[in-house]
Amino acid sequence: ATIRRTEPTAGSGDSARRFGTQRVLVEPDAASGVAVMKFKNPPVNSLSLELLTEFIISLEKLENDKTFRGVILTSDCPRVFSAGLDLTEMCGKNPAHYAEYWKAVQELWLRLYLSNLVLIAAINGACPAGGCLISLTCDYRILADNPKYLIGLNETLLGIVAPFWFKDTLVNTIGHRASEQALQLGLLFLPAEALQVGLVDQVVPEDQVLSTALSVMARWMAIPDHARQLTKNMMRKTTVDRLVKQRDADIQNFVSFISRDSIQKSLQMYLEKLKQKKG
Ligand SMILES: CC/C=C\C/C=C\CCCC/C=C/C(=O)SCCNC(=O)CCNC(=O)[C@H](O)C(C)(C)COP(=O)(O)OP(=O)(O)OC[C@H]1O[C@@H](n2cnc3c(N)ncnc32)[C@H](O)[C@@H]1OP(=O)(O)O
């Protein structure tokens, strides 16, 4: 993927020179040190290998540019934040592909979860499974108050299982008992329920998600970076190290699990159901 610069937005000067890749738009505002990263992989921002790769490249570019201290993650696709992992990457492929794909999923989580940036999820659409995981890696989550925008780790509804580091991220957010129930039942929460259980930090009208994210960002960026970053690291490093210590085993575990005939059948059936739903 190549990072492309696009023309500055009208009347904004250099600080809003947009850049990004085909599937990840980056709208940086150097003056405030905040960049907005938008997933743009229509129709539902499914986390394909390409999107994961481009996301990692764009995130790394922002982390290496000391101008930026905070990033807001949001969607350029209407009604959907992200539909989660791209199911077509996990069925009908070969073990080598599954391994490559899972390594990219791990990489995205590792980079987001321990990022030195302030990360705020401006959730402007449905946020199941892998989409929910991305929002959980952020420091703060704002969800649009729309009953269609469900959020949760619903993997069991597909007949698959969220791996331990998905589980750990949820437990770190909503606690063990709430996570135990949510993961086993594959719960997708309505905005009010997500707020109540602590899965999101704020629920606001749809047209206020981004402005709310910007004002929350200002509050987080008022904290001296070094102190905040060390504190974030203290809170999250044990969780991250659990995966780092067994990344290859986790990949092998994924490949053997996803390659099972029964799992392949569940995923195919689930994809078919998604397509019938439209018919
Ligand atoms: C012990 C454990 C060991 C190892 C680990 C084991 C397994 C690893 C996996 C565990 C982690 C998995 C995480 C995941 O993210 S799995 C993906 C789960 N995602 C979902 O369940 C969401 C499915 N999608 C939806 O519910 C809806 O699409 C959504 C997001 C609400 C939007 O609805 P709508 O706007 O009506 O759009 P459509 O449903 O019509 O979809 C449009 C189009 O997109 C296709 N599509 C939707 N979601 C996905 C997806 N996740 N991947 C690929 N494609 C998707 C859909 O089929 C439609 O396609 P079409 O061709 O008909 O246009």
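In each ligand, atom 1 is the first atom listed, and ligand 1 is the first ligand listed. Since the structure is predicted, the reported quantities are computational estimates derived from the model, not experimental observations.
- The parts of A83 lying near ligand 1 are both backbone and side chain, judged by heavy-atom distances below 4.0 Å.
- In K40, the NZ atom is not crowded: 12 or fewer heavy atoms of neighbouring residues, nucleotides or ligands sit closer than 6.0 Å.
- Considering every non-hydrogen atom in both Y101 and L49, the closest pair reads CE1-N, 3.8 Å.
- Where the criterion is an N or O separation shorter than 3.5 Å, residue side chain and backbone included, S46 fails it with respect to ligand 1.
- Between V80 and ligand 1, not a single N/O pair is under 3.5 Å apart.
- Contact annotation: the side chain of L133 approaches that of W165 to within less than 4.5 Å [non-hydrogen atoms, C-beta and beyond].
- The residue from K148, E155, K275 that puts a heavy atom closest to atom 62 (O) of ligand 1 is K275.
- Taking all heavy atoms of L47, I134, L85 into account, the minimum distance to atom 51 (N) of ligand 1 is reached by L85.
- Classification of D250 and R247 as a salt-bridged pair fails, no side-chain N sitting under 4.0 Å from a carboxylate O.
- Both L117 and L110 are part of a single hydrophobic cluster, where members link through side-chain heavy atoms under 4.5 Å apart.
- When only interatomic distances are considered, the shortest N/O to N/O separation between G130 and ligand 1 falls below 3.5 Å.
- Distances below 4.0 Å separate heavy atoms of W102 from the following atoms of ligand 1: 8 (C).
- Criterion: ILVMFWY side-chain heavy atoms under 4.5 Å apart, direct or through other members. Under it, L158 and L185 are part of a common hydrophobic cluster.
- Between K93 and E89, none of the side-chain N atoms (NZ, or NE/NH1/NH2) sits under 4.0 Å from a carboxylate O, so this pair counts as no salt bridge.
- Ligand 1 lies less than 4.0 angstrom from a heavy atom belonging to F166.
- Atoms of ligand 1 lying under 4.0 Å from at least one heavy atom of P128, given by number and element, are 22 (C).
- The ring of F81 has its center closer than 6.0 angstrom to the ring center of F39.
- The ligand atoms of ligand 1 that sit less than 4.0 angstrom from a heavy atom of P43 are 42 (C), 43 (C), 44 (O).
- Neither the backbone nor the side chain of F81 comes within 4.0 Å of ligand 1, counting heavy atoms alone.
- Ring pair W102/W109: centre-to-centre distance not below 6.0 Å.
- Heavy atoms of V44 found under 4.0 angstrom from ligand 1 belong exclusively to the side chain.
- Residues L157 and G186 come closest through the heavy atom pair CD1-O, 3.4 Å.
- The nearest non-hydrogen atom to atom 10 (C) of ligand 1, considering only I263, I251, V161, comes from V161.
- For the pair N154 and ligand 1, the shortest N or O to N or O distance falls below 3.5 Å.
- An N or O contact shorter than 3.5 Å is missing between G84 and ligand 1 by distance.
- Residue N253 has at least one heavy-atom neighbour below 4.0 Å for each of these atoms of ligand 1: 3 (C).
- Of all the heavy atoms of I160, the ones lying under 4.0 Å from any atom of ligand 1 belong exclusively to the side chain.
- Taking a cutoff of 4.0 Å between a charged side-chain nitrogen and a carboxylate oxygen, R177 and E180 qualify as a salt bridge.
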